[in-house]
Peer 1: 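Structure below; questions to follow.
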Amino acid sequence: MSDTYTSNFQAIRAEKPKRNSNLGRILSRVRRQPATLVAFAFIVLLAVIALTAQWIAPYDPTASNFDNVLQPPSGEFLLGTDNLGRDQLSRLLFGVRIVLLVALGAVLVAMAIGVPLGLLFGFHGGWWDRIGMRFVDMAQALPGLLIGLTVITIFGRNMIILMIAIGLIFASAFARMTRATVLGERGKLYVEAAAVAGLRKSQIIFTQVLPNLLGAIITQAAVFIGSAIMIESAMSFLGIGLDSDIPTWGAMLSLAVENQSVAPYLSWPPGIAIVLTVLAFNVFGDGLNDAFTGERRRPVKRVRPAAASKPRPATTAAARPSPVAAAASAVAPVLEARDVTVALSRPAGNRVDLVSAVSIDVRKGEIVGLLGESGSGKSTFARAVLGMLPAGTWLADGTINLAGKEISRRSAKELRSIRGDRLGAVFQDPMSALSPVHTVGNQLIEPLRIHKGMSKKAARARAIELLARVGVKDPAGRLDHYPHQFSGGMAQRVAIAMALAADPELLIADEATSALDVTTQSQVLDLIMDLRDEYGMGVLMITHSLGVVAETCDRVAVMYRGRVVEDAEVGALFDRPQHQYTRALLAANPANSAGLDRLPTIDRELRAVIDAEQDAEARKEALR
Amino acid sequence: MLKLILSRLALAVPQLLLLSFFVFLLTYMVPGSPAAAVLGEAATPESIARVETQLGLDRPFFERLTEWYVGAFQGDFGNSYVSSRPVSELFLERLPATISLMLGGIIVAVLLGMALGLIGGTKAGSVRDRIATAISSFSMSVPEFWVGIVLVLMFAVQLRLFPVVSYVPFDVDPFGWVRGLVLPSIALGIGGAALIARQTRTAMAETMSARYIDSLTAAGVSRNKLIFGYGLKNAMVPVLSATGITISIMLGASFAIEKVFAFPGIGSLMLRSVTGKDFAVVQGGVLLIAVMIIAVNLILDVSYGLINPRSRPQ
């Protein structure tokens, strides 16, 4: 036992040098962010100005010159002079020094106070944490300026006190962030492993957690420097920062206000300087954050390539009726999907088909299963039927007919009148399928009002009937309840009631029972079958469960890698599977593997064979 | 709901006691007597001692503290060292201006911030989202008081559309009150708008990709109704819980706005008292601001409960 932990711990130790390559990765990410680089360059420029101000400034920033009072910008005074004749450009340049010094000092003070407190709260927990965090909450609720103002009142005005005053404002934020990071890291395996390996808690803090905190602290510091500059400027502007002789941007703006009517030019340079500097630190901080967390804010491409092929004319679909459909009655199927192809455009610009040439029919009163593993494209197909494809994907080919009428490629408005009226859908995870801040009744009444044009009162009465029909007890009382007051099974019944509100011809159940426990699952399935019998609607049952298919479906289509590999009556499929993927899938059913050592799976070699066959077929089709 | 309000109030009392204790303690530690500051240049040791006795500054710390607490409970925060007028009266005089400014600022912040957040959040990742995000990031880097200065320069000094000195009490001239509030409210609101925009954008982007939006879409609900009827109410849950801090930040920023527009609010009173070491006023002011913030948070908590059914006691 202890051996396992020791080796675990050594493994963690062994991983440590990775941090260097981490740094390399972070730097290379930063290098790919032009905005971050520009911001960084500007910060470097500011630092250079701060260091060289005494050489590059044309005049002494504090020397009054009463011969040149309130001079507008000219060749002699590039940015003009103030009411004491002091050169604005020189004051602006020296101001960089003060601004950076105070902001940097303040953030260091905030770190020095906040980080140890956060570590203490995070590691100690208990009363330390509870009482400590109350104080942190209180401090954060007060306006920062008020804290700064109080400190200045008591201790007077000088640079160190100003740093402390501003630092105190951000200390609570550092404490909160450090605590959150520690709590996050604390639960991780390596800290526990280190504790088991006999390291003292304090040792763990410094050797393990602190390096992990660094990224978060540096990012926060960059953003807080920006905020500290804002607060320092506001305080100097209000005359509670440094002495007004000392060139600060805030004090310059204070003079600008006093002389606003005679010397408007005084208002611009210090303000622009503050904005650019704060912006630079904010952008730099955000960029660092992205680099540390590995996020890139890339917009989703919504451009549909012009090369997208036109929908095939309906005649093509009619020319190739599925054998089953030909044998069936003359009545058009409720759902008639032909060659549905859904494409996704990758950021790189190429196109991938998520669903390729899928044709499925669902007749009135029939339950058709769409069976497949995760990622096989079954849900994407359902979304294509609903006209709810996610951004970046589009219906590239094929036709979808609902009761004989083409519904793909309709306008949003036309789709809305179809969805919920002739087409209902129930999704996975009922608890998230209903809006948590609206009553169940509100959501149930919505489709009735939209599609049936019912009055509020009539819709409410109908909603009660519907709830009673799907088996919710005390429907009138439950109508005004919120989703969190329902159990998962009951919530799914509500979702079904919502989908059935306007008597749809087709119900799409997308993994509608996967999140439910077995008993509830079969109750909900029974309900769907009963409702099918009662309303005579067709059901497209999307599932990964062979059990659900066997229990409910009349027919089933098996999907693999975006294609339907087999489409058969349920009995025929289970007895005489034609495609080798179906055979492998049925063999992998855990219900048949009692007494075996290992559960059968579809192994990699078999997948490779099936994939190769599928690809060859796709090529052949493309040639045709 | 009543239970929630009562429990919040019960929590507020020790917070206020503790806070005023801290302020009292700190003012006690200040080097240099306020009496000297009150007397100014002409101070002699004798006159300082006399004023200290007058103001009660020579009495023991705990005696002064308890006296202050007893008074504060009855609404008496002592008298100003400088003007000898009751502190409560000084603040009551200036509260209308501050509340007017804050209301104006909050209206601008909420309207602008929500609009910007909705533009981005309802289509996360799109070009218009990136533009909206860039605008809010930029607004976050602009000091409110400088926006005020620029607005005055453009609309009051140059175009003469608005008065430079802008506060007119509502009961004197309601129209003038509104006119005077336009520029300061915009200046104050822009910073708050950036914060609200960021929060709304994130919350809205998350909400619009939630599963219940799919269910409602599948039920045929129109996009406008999805956004404004369902999405917004859900998104308001996280936005509201961050609004307390936003308003607190805006209250701090209002001090600087007061200076730009020569507003007679509590900010300028506080500043004058800080520089003049008028601690009686500073103490009262800190407590008053704390009470205001607790009140705002209480209102927010209640509206949070109204929006989010899960936080309601069953």
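Here the structure is a predicted model, which is why all the values come from computation and not from measurement. Chain identifiers are assigned alphabetically (A, B, ...) following the order of the sequence lines, protein sequences preceding nucleic acid strands; residue numbering begins at 1 within each chain.
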Peer 1: For His451(A) versus Gly220(B), what's the shortest heavy-atom pair and its separation?
Peer 2: NE2-CA, 3.8 Å
Peer 1: Can you tell which of Gln428(A), Gln140(A), Arg157(A) has the highest number of heavy-atom pairs within less than 4.5 Å of chain B?
Peer 2: Gln428(A)
Peer 1: So for Asn282(A), is it side chain, backbone, both, or neither that comes closer than 4.5 Å to the heavy atoms of chain B?
Peer 2: side chain
Peer 1: For each of Asn234(B), Ile247(B), Leu251(B), tally heavy-atom pairs with chain A at distances under 4.5 Å, and name the one with the top tally.
Peer 2: Asn234(B)
Peer 1: Which one, Arg223(B), Met140(B), Lys225(B), leads in non-hydrogen pairs under 4.5 Å with chain A?
Peer 2: Lys225(B)
Peer 1: Is a side-chain donor or acceptor of Arg201(B) paired with a backbone partner of Ala124(B) at a separation under 3.5 angstrom?
Peer 2: no
Peer 1: For Val147(B), which atoms come within 4.5 Å of any heavy atom of chain A: side chain, backbone, both, or neither?
Peer 2: neither
Peer 1: Using a 4.5 angstrom heavy-atom cutoff, name the option from Val221(B), Ile249(B), Asp129(B), Ile213(B) with the most pairs to chain A.
Peer 2: Val221(B)
Peer 1: Check whether Ile450(A) gets within reach of chain B through its side chain, its backbone, both or neither, counting any heavy atom under 4.5 Å.
Peer 2: side chain
Peer 1: Between Leu149(A) and chain B, with a heavy-atom cut-off of 4.5 Å, which part of the residue counts as in contact: side chain, backbone, both or neither?
Peer 2: both
Peer 1: Classify the ring geometry between Phe237(A) and Phe145(B) as parallel (under 30°), tilted (30 to 60°) or perpendicular (over 60°).
Peer 2: parallel
Peer 1: Could you tell me which of Gly226(A), Gly144(A), Gly271(A) has the largest number of non-hydrogen atom pairs under 4.5 Å with chain B?
Peer 2: Gly271(A)
Peer 1: Testing Val291(B), Val296(B), Asn297(B) one by one against Ile293(B) for a side-chain contact (heavy atoms from CB on, under 4.5 Å), which residue passes?
Peer 2: Asn297(B)
Peer 1: Going by the side-chain contact (heavy atoms from CB on, under 4.5 Å) test, name the single residue among Thr217(B), Thr122(B), Leu232(B) that passes it with Leu226(B).
Peer 2: Thr217(B)
Peer 1: Could you check whether any side-chain N or O of Asn259(A) sits under 3.5 Å from a backbone N or O of Leu255(A), counting only pairs where one atom can act as donor and the other as acceptor?
Peer 2: yes
Peer 1: Keeping Ser432(A) on the side-chain end and Arg211(B) on the backbone end, is there a donor-acceptor pair under 3.5 Å?
Peer 2: no
Peer 1: Name the region of Phe281(A), side chain, backbone, both or neither, that has any atom closer than 4.5 Å to a heavy atom of chain B.
Peer 2: neither
Peer 1: In Å, rounded to the nearest 0.5 Å, how long is the span from CZ of Phe263(B) to OG of Ser268(B)?
Peer 2: 10.0 Å
Peer 1: What do the steps show when you test Leu238(A) against Leu145(A) for side chain to side chain contact (heavy atoms under 4.5 Å, CB included), and what is the final call?
Peer 2: CA-CA 10 Å; Leu238(A) 290 172; Leu145(A) 202 65; 3.8 Å; yes
Peer 1: Please determine, among Ile245(B), Thr275(B), Ile294(B), Ile289(B), the option with the most heavy-atom pairs under 4.5 Å with chain A.
Peer 2: Ile289(B)
Peer 1: If we define contacts as heavy-atom pairs under 4.5 Å, which of Ala501(A), Pro436(A), Ala425(A), Ala412(A) has the most with chain B?
Peer 2: Pro436(A)
Peer 1: Quick check on Leu423(A) against chain B: is it the side chain, the backbone, both or neither that has a heavy atom closer than 4.5 Å?
Peer 2: backbone
Peer 1: To the closest 0.5 Å, what do you measure between CD (Glu258(B)) and CG (Leu269(B))?
Peer 2: 9.0 Å
Peer 1: For chain B, find which of Ser261(A), Ser233(A), Gly424(A) contributes the most heavy-atom pairs closer than 4.5 angstrom.
Peer 2: Ser233(A)
Peer 1: Who among Val151(A), Asn442(A), Ile231(A), Thr439(A) has the most heavy-atom pairs with chain B under 4.5 Å?
Peer 2: Asn442(A)
Peer 1: Heavy-atom distance under 4.5 Å to chain B: side chain of Ala495(A), backbone, both or neither?
Peer 2: neither
Peer 1: Go through the atoms of Leu279(A) and report whether side chain, backbone, both or neither lie under 4.5 Å from a heavy atom of chain B.
Peer 2: both
Peer 1: Against chain B, label Gln443(A) side chain, backbone, both or neither, depending on which of its atoms sit under 4.5 Å from a heavy atom there.
Peer 2: both
Peer 1: Considering only heavy atoms and a distance below 4.5 Å, find which of Leu276(A), Val257(A), Ile418(A), Leu142(A) pairs most often with chain B.
Peer 2: Leu142(A)
Peer 1: With a 4.5 angstrom heavy-atom cut-off, could you sort out which part of Leu18(B) is near chain A: side chain, backbone, both or neither?
Peer 2: side chain
Peer 1: Under 3.5 Å, side chain of Gln283(B) to main-chain N/O of Ala280(B), donor-acceptor pair present?
Peer 2: no
Peer 1: How long is the straight-line distance from CG of Leu434(A) back to CD of Gln492(A), given to the nearest 0.5 Å?
Peer 2: 8.5 Å
Peer 1: Please classify the contact of Ala499(A) with chain B as side chain, backbone, both or neither, using a heavy-atom distance under 4.5 Å.
Peer 2: neither
Peer 1: Looking at NE2 of His438(A) and CD1 of Ile307(B), how far apart are the two atoms once the value is rounded to the nearest 0.5 Å?
Peer 2: 9.5 Å
Peer 1: Taking side chain as everything from C-beta outward and backbone as N, CA, C, O, which of these in Arg134(A) sits under 4.5 Å from a heavy atom of chain B? Side chain, backbone, both or neither.
Peer 2: side chain
Peer 1: Taking the basic N atoms (NZ, or NE/NH1/NH2) and the acidic carboxylate oxygens, is any pair closer than 4.0 Å for Arg383(A) and Asp214(B)?
Peer 2: yes
Peer 1: Given heavy-atom pairs under 4.5 angstrom as the criterion, report whether the side chain, backbone, both or neither of Leu153(B) touches chain A.
Peer 2: both
